[in-house]
Amino acid sequence: MWAKAVSVCLLAFACGLVHRLYPGITEDTLSYLSDSVKSLPCLKFSSSPSFEEGLSSAWDSLIVEPRKQWGKVAIGVNACVDVVLSGVSLLQALGLSPQSAGDHAVLNNLEELASTFMHYMQRGAAAERFYSDAVSFQHISSTASKNPAAQHFVGGNAALIAQRMAAHPGMEVLLCGPFGPKLHELLDERVLVPSASLQEQDEFHLILEYKAGENWGSSRAPTANRFIFSHDLSNGAMTSLEVLLASLEEFQPNLLVLSGLHMMEGLSRENREARLKEQVFPLISSVGLNEQELLFLSQSAAGPHSSLQAWSGIPDVGMVSDIIFWILQGYHQGASTLTRVHFHTLAYHILATIDGFWANQVSAVAAGARVAGAQACASKTIDPARVMLKSPLEFSSSRAEEGSTIKVTAKEPVATWKRGDITFYFTPVLICKQPVRTVGLGDAISAEGLLFSEALSM
């Protein structure tokens with residue numbers, strides 16, 4: 001490339017010199033000289049596509065529709081209105097200044113909000129918390145809504161998944177959740193909402209976004225992400241669960257998607273356990289989760305790598321693989337009916353399934369990764385110039401045992417390997433360099449992965 005640039009520079013200089021020494025020379029002669037030099041072999045080169053272009057093109061070739069579509073899908077149970085704005089600008093508007101960082105499971109006041117926001121911002125990690133003080137939260141949400149840059153969107157995992165699936169041809173989607181007037185106005189009209197889900201007031205969630213490299217005090221965000229909090233009692237108590245379960249007999253879905261369990265953090269331990277016992281956990285076949293949720297599961301039950309306090313940078317693929325393998329082993333031990341895990345982190349995705357239950361998973365994991373890069377850039381397709389790669393392209397498939405070395409390339413972006421009767425599917429993510437909106441990416445990934453999956457038997 002540099003040789004061509006130097007040659008073009010010399011060519012321009014030479015043509016200029018000839019013109020100066022021989023002012024009578026015609027333009028046709030100069031053009032002939034220029035074209036002749038340009039035709040020299042040293043100036044000929046072929047422009048090969050970038051890694052990002054090659055990978056995106058390979059995804060498009062790999063992603064195919066499953067032979068059998070879901071058709072009818074019932075989804076619940078969390079839905080809300082997302083108020084999205086800059087986290088730093090809101091905290092400044094509230095009169096808060098950066099102090100020490102610290103993580104609080106439940107936020108009780110403004111100081112704990114600022115401390116927990118800083119804790120996750122300096123790690124570039126996503127988090128969601130319950131704000132316990134209703135009066136204080138009303139003041140915060142009012143301040144946020146007055147921000148001229150604040151935006152309102154459909155929010156809640158269930159509602160976002162429903163929006164994504166309803167946009168897919170041939171899908172009939174039923175959504176149960178707490179629907180106030182604003183949310184009902186924002187929702188895609190193709191989504192069916194039972195009248196029993198309607199209520200007078202909306203539930204608002206505040207989405208505090210920050211950009212890569214953004215500073216607040218001594219904290220600097222390594223990547224773009226968001227911090228979510230709310231005083232959401234309807235979703236927290238999962239009040240729409242009964243509406244969802246009552247709707248199943250009449251609607252007769254082929255797929256049931258449950259989300260919003262994390263919203264129960266604001267309930268007492270006894271109430272949480274009571275609500276969880278009413279769920280259909282023994283019937284769950286698939287779960288989608290991120291790196292924090294995956295590590296939390298392992299820590300909760302002394303699983304693989306549970307001594308790890310938190311991930312440092314990009315989660316190690318071998319360690320993630322070990323934890324997923326351990327989770328799916330519960331099926332053979334009779335502890336669960338889980339046969340599929342869809343893991344997503346910023347740099348890569350992994351789909352793992354027990355053989356004989358799921359098909360079209362190469363397409364599913366590729367589709368999930370593709371939508372992550374496109375949606376973050378607010379684009380319908382991947383723009384190679386706006387994305388970058390952070391994923392490892394060579395790694396060990398395990399850290400708990402002797403793993404094999406796995407490689408991915410732009411031409412073969414989905415790597416597969418097996419551990420017993422469990423098959424793993426890995427693909428990098430093309431990360432948006434300047435993300436427009438980070439909220440809802442996990443829900444889009446899960447929805448897209450399910451849309452391109454086919455259940456063989458349950």
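In what follows, every heavy atom counts, from backbone to side chain, and hydrogens, waters and symmetry copies are set aside.
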Practice item. Give a yes or no on whether a salt bridge exists between Asp443 and Arg164, defined as a side-chain N under 4.0 angstrom from a carboxylate O. Key: no

Review point. Between Thr427 and Tyr348, does any side-chain donor sit less than 3.5 Å from a side-chain acceptor?
Key: no

Exercise for review: May I ask you to check whether Gln329 and Gln333 show a side-chain donor-acceptor distance below 3.5 Å?
Suggested key: no

Check your understanding: Which class fits the ring pair Phe426 and Phe395: parallel under 30°, tilted 30 to 60°, perpendicular over 60°?
Key -> tilted

Check your understanding: How about Thr423 and Asp355: does a side-chain donor come under 3.5 Å of a side-chain acceptor?
Key -> yes

**Study point:** Of all pairs that satisfy side-chain hydrogen bond (donor to acceptor under 3.5 Å, both in side chains), the ones with a partner from residues 91-108, not counting sequence neighbours
**Key:** Ser97-Gln99, Asp103-Tyr120, Asp103-Arg129, Asn108-Glu112, Asn108-Ser132

Review point. Going by atom types alone, do Gln361 and Ser453 pair a side-chain donor with an acceptor below 3.5 Å?
Key: yes

Check your understanding: Is the His231 ring parallel, tilted or perpendicular to the Phe137 ring (thresholds 30°, 60°)?
Key -> tilted

Check your understanding: Does the distance from a Lys or Arg side-chain N to an Asp or Glu carboxylate O, for Arg419 and Asp322, drop under 4.0 Å?
Key -> yes

Exercise for review: Compute both the distance and the angle, then confirm whether Lys72 meets the cation-pi test with Phe251: under 6.0 Å from the six-membered ring centre, within 45 degrees of the axis.
Suggested key: yes

Review point. Are Asp316 and His305 close enough, and set up right, to give a side chain to side chain donor-acceptor pair (under 3.5 Å), and what steps lead you there?
Key: CA-CA 11 Å; Asp316 181 86; His305 313 295; over 6 Å; no

Review point. Looking only at side chains, do Trp358 and Ser286 share a donor and an acceptor under 3.5 Å apart?
Key: no

Practice item. Locate the shortest heavy-atom distance separating Val81 from His152; write the atom from each residue and the value. Key: CG1-CD2, 3.9 Å

Study note, to complete from the structure: By side chain to side chain donor-acceptor pair (under 3.5 Å), Arg370 pairs with (sequence neighbours left out) Asp60

Practice item. Could you pull out all residues at least two apart from Asp82 that satisfy side chain to side chain donor-acceptor pair (under 3.5 Å)? Key: none

Practice item. Let me see the working for Glu209 and Ser86 under side chain to side chain donor-acceptor pair (under 3.5 Å), right down to the final yes or no. Key: CA-CA 5 Å; Glu209 294 191 323; Ser86 161; over 6 Å; no

Review point. Is there a donor-acceptor contact under 3.5 Å from the side chain of Ser141 to the main chain of Gln138?
Key: yes

Exercise for review: Assess whether side chain to side chain donor-acceptor pair (under 3.5 Å) is satisfied between Asn78 and Ser259, documenting all intermediate values.
Suggested key: CA-CA 7 Å; Asn78 63 328; Ser259 67; 2.8 Å; yes

Check your understanding: Without hydrogens or angle criteria, can the side chains of Asp202 and His184 be said to hold a donor-acceptor pair below 3.5 Å?
Key -> no

Exercise for review: Go through the side-chain N and O atoms of Ser306 and Gln299 and say whether any donor and acceptor fall under 3.5 Å apart.
Suggested key: no

